[in-house]
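To start, the structure itself, in structure tokens.
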Amino acid sequence: MNRPALPHTFTGGCHCGAVRFRVTVRTWRASDCNCSLCTMKHYLHVIVPKDDFTLEKGADRISTYKFNTGVAKHHFCRTCGVHSFYVPRSHPDGFSVNARCLDETPLDWFDVEPWDGRNWEAHAARHLK
């Protein structure tokens with residue numbers, strides 16, 4: 001595996017190209033959440049601070065879905081339905097970018113860890129400090 005040095009800036013977006021963003025990652029850590037929504041979306045989380053994310057195009061094409069506590073803001077493209085980024089419950093002051101939506105980025109660059117979203121409160125209490 002020959003991944004670039006950190007920090008590294010990526011571009012990405014949705015399937016149809018209506019939503020585009022730029023993001024700087026400072027770690028190769030990614031999370032694979034098993035909650036009902038992330039499982040259905042096949043979302044691979046790369047968490048970044050707000051200052052490391054820039055929406056370059058498509059603010060007018062984004063819809064938002066909230067459920068349960070309403071803290072997470074699940075953004076998706078209204079045209080193609082792809083969830084390329086959102087505001088996560090675990091980091092409401094930042095963003096979670098879907099590694100699968102980064103342009104031409106091998107997923108094996110990321111060190112993927114499981115996140116027990118089905119038991120969110122207990123898992124977060126052990127891992128978010």
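For the numbers below, each heavy atom of this structure counts, side chains included, while hydrogens, waters and symmetry mates do not.
- One finds the NE2 atom of His83 at 9.5 Å from the CG atom of Asn98 (value rounded to the nearest 0.5 Å).
- Contacts of Cys35 classified as side chain to side chain contact (heavy atoms under 4.5 Å, CB included), with partners at least two apart in sequence or in another chain: Cys33, Leu37, Cys38.
- Aromatic ring centres of His74 and Phe67 lie closer together than 6.0 Å.
- Residues meeting the side chain to side chain donor-acceptor pair (under 3.5 Å) test with Ser84, sequence neighbours left out: none.
- Under the salt bridge (Lys or Arg N to Asp or Glu O under 4.0 Å) criterion, Asp108 pairs with no residue, sequence neighbours left out.
- Within a 6.0 Å sphere centred on NE2 of His8, other residues, nucleotides and ligands contribute more than 12 heavy atoms.
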Q) How far apart are the C-alpha atoms of Cys101 and Cys14, what are their side-chain angles, what is the distance that settles it, and do they pass the side chain to side chain contact (heavy atoms under 4.5 Å, CB included) test? A) CA-CA 7 Å; Cys101 293; Cys14 67; over 6 Å; no
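- The two residues Ser96 and His45 have their closest heavy-atom pair at OG-ND1, 2.8 Å.
- For residues 54-65, every residue pair satisfying the salt bridge (charged side-chain N to carboxylate O under 4.0 Å, His left out) rule, not counting sequence neighbours, is listed here: Arg22-Glu56.
- For the salt bridge (Lys or Arg N to Asp or Glu O under 4.0 Å) test, residues two or more places apart in sequence or in another chain that qualify with Asp52 are Arg26.
- Between Trp28 and Trp109, the two ring planes are perpendicular [angle over 60°; tilted spans 30° to 60°].
- Taking Arg20 as the reference, Asp103 meet the salt bridge (Lys or Arg N to Asp or Glu O under 4.0 Å) condition, with sequence neighbours excluded.
- Not counting sequence neighbours, the partners of Thr24 by the side chain to side chain donor-acceptor pair (under 3.5 Å) test are Thr9.
- For residues 68-78, no pair satisfies salt bridge (charged side-chain N to carboxylate O under 4.0 Å, His left out), with sequence neighbours left out.
- The residue from Phe76, Tyr43, Phe95 that alone fulfils the ring pair (Phe, Tyr, Trp, His ring centres under 6.0 Å) condition with Tyr86 is Tyr43.
- Here the closest non-hydrogen pair linking Val19 and Gly58 is CG2-O, 4.1 Å.
- Applying the side chain to side chain contact (heavy atoms under 4.5 Å, CB included) rule to Asp116 yields the partners Asn34, Arg118, Asn119, His123; only residues at least two apart in sequence or on another chain are considered.
- Looking only at side-chain heavy atoms (C-beta outward), Phe85 and His75 come within less than 4.5 Å of each other.
- A search for side chain to side chain contact (heavy atoms under 4.5 Å, CB included) contacts involving Val23 returns Phe10, Phe21, Val48, Phe53, Val97, Leu102, not counting sequence neighbours.
- Asp93 meets the salt bridge (Lys or Arg N to Asp or Glu O under 4.0 Å) test with no other residue; sequence neighbours excluded.
- In terms of heavy-atom proximity, Ile47 sits nearest to Ser90 at CD1-OG, 4.4 Å.
- The side chain to side chain contact (heavy atoms under 4.5 Å, CB included) test applied to Ala30 returns Leu44, Val46, Phe110, Val112, not counting sequence neighbours.
- When all heavy atoms of Pro92 and Val71 are compared, the pair lying nearest together is CB-CG1, 4.0 Å.
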